[in-house]
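Before any comments, here is the structure.
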Amino acid sequence: ETDMAVARFFYECDIPFHRADEAAFKRMIRSVCESGSSYAPPERERISDNQPRTEISGSKGKLPEKPPGLLWSCFEELRKDREACIASAQTVGATLVSDG
């Protein structure tokens with residue numbers, strides 16, 4: 001039943017089958033499994049939100065922080081990964097290779 005749901009997602013959303021081999025796809029599935037049966041996927045607005053974390057002002061002062069947009073969070077995560085990679089290259093060196 002679960003495999004059928006995954007397959008139908010690929011078919012119905014016209015996702016190329018080779019994407020099932022991507023590390024990102026496997027990481028997503030693993031994370032969903034670890035979240036348990038109460039997990040609810042994010043709405044499209046949150047997925048496409050590129051705003052950082054903000055405090056919301058209300059009539060009685062500040063309300064709890066609005067969570068950061070997922071697009072913004074992903075860019076921040078990639079930026080941190082890039083910085084770590086550059087720091088590593090500066091420490092131990094790196095070789096760049098290009099095919100054109």
Side-chain angles (χ1 to χ4, degrees):
E1 188 175 315
T2 302
D3 284 348
M4 182 65 86
V6 171
R8 285 192 62 163
F9 177 75
F10 274 78
Y11 307 147
E12 293 173 15
C13 296
D14 198 25
I15 298 172
F17 302 137
H18 71 274
R19 295 295 186 198
D21 295 330
E22 297 285 342
F25 174 73
K26 293 176 181 182
R27 190 171 50 246
M28 175 192 64
I29 295 295
R30 228 181 346 268
S31 181
V32 168
C33 290
E34 291 170 0
S35 294
S37 61
S38 63
Y39 174 75
E43 299 292 330
R44 69 180 180 166
E45 289 81 11
R46 179 133 192 267
I47 294 172
S48 64
D49 185 357
N50 66 353
Q51 299 301 309
R53 184 173 310 219
T54 57
E55 290 182 350
I56 304 169
S57 296
S59 59
K60 295 183 179 181
K62 293 181 180 178
L63 297 174
E65 290 184 342
K66 174 186 171 198
L70 292 173
L71 181 59
W72 184 86
S73 295
C74 284
F75 281 136
E76 279 298 298
E77 195 173 286
L78 289 170
R79 183 186 61 74
K80 289 175 186 173
D81 289 348
R82 179 180 162 266
E83 288 174 359
C85 185
I86 290 171
S88 174
Q90 290 172 336
T91 303
V92 297
T95 302
L96 299 177
V97 179
S98 174
D99 66 355

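Positions are given from 1 along the sequence.
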field: Rounded distance [0.5 Å steps], CE in Met28 versus SG in Cys33
entry: 10.0 Å
field: Residues that, via side-chain heavy atoms closer than 4.5 angstrom, fall in one hydrophobic cluster with Leu70
entry: Ile47
field: Pair listing, side-chain hydrogen bond (donor to acceptor under 3.5 Å, both in side chains) test, anchored in residues 11-23, at least two apart
entry: Arg8-Glu12, Arg19-Glu22
task: Determine whether Arg27 and Arg30 make a side-chain contact, defined as any pair of heavy atoms from C-beta on separated by less than 4.5 Å.
output: yes
- prompt: Looking at residues at least two apart in the chain, or sitting in another chain, which of them share a side-chain hydrogen bond (donor to acceptor under 3.5 Å, both in side chains) with Glu34?
  reply: none
statement: The side-chain contact (heavy atoms from CB on, under 4.5 Å) partners of Phe9 (sequence neighbours excluded) come to Cys13, Ile15
Report, one line per pair, each donor and acceptor closer than 3.5 Å where one atom sits in a side chain of residues 90-100; sequence neighbours left out.
unit_1 : atom_1 : unit_2 : atom_2 : d
Thr91  : OG1    : Ala87  : O      : 2.9
Ser98  : OG     : Gly100 : N      : 3.2

Show me the side-chain donor-acceptor pairs of residues 78-85 shorter than 3.5 Å, one per line, residues at least two apart or across chains.
unit_1 : atom_1 : unit_2 : atom_2 : d
Arg79  : NE     : Glu76  : OE1    : 3.4
Arg79  : NE     : Glu76  : OE2    : 3.4
Arg79  : NH1    : Glu83  : OE1    : 3.2
Arg79  : NH1    : Glu83  : OE2    : 2.5
Arg79  : NH2    : Glu76  : OE1    : 2.8

task: Could I get the full list of salt bridge (Lys or Arg N to Asp or Glu O under 4.0 Å) partners for Glu77, not counting sequence neighbours?
output: none
- prompt: Considering residues at least two apart in sequence or located in another chain, which fulfil the ring pair (Phe, Tyr, Trp, His ring centres under 6.0 Å) criterion with Phe25?
  reply: Phe10
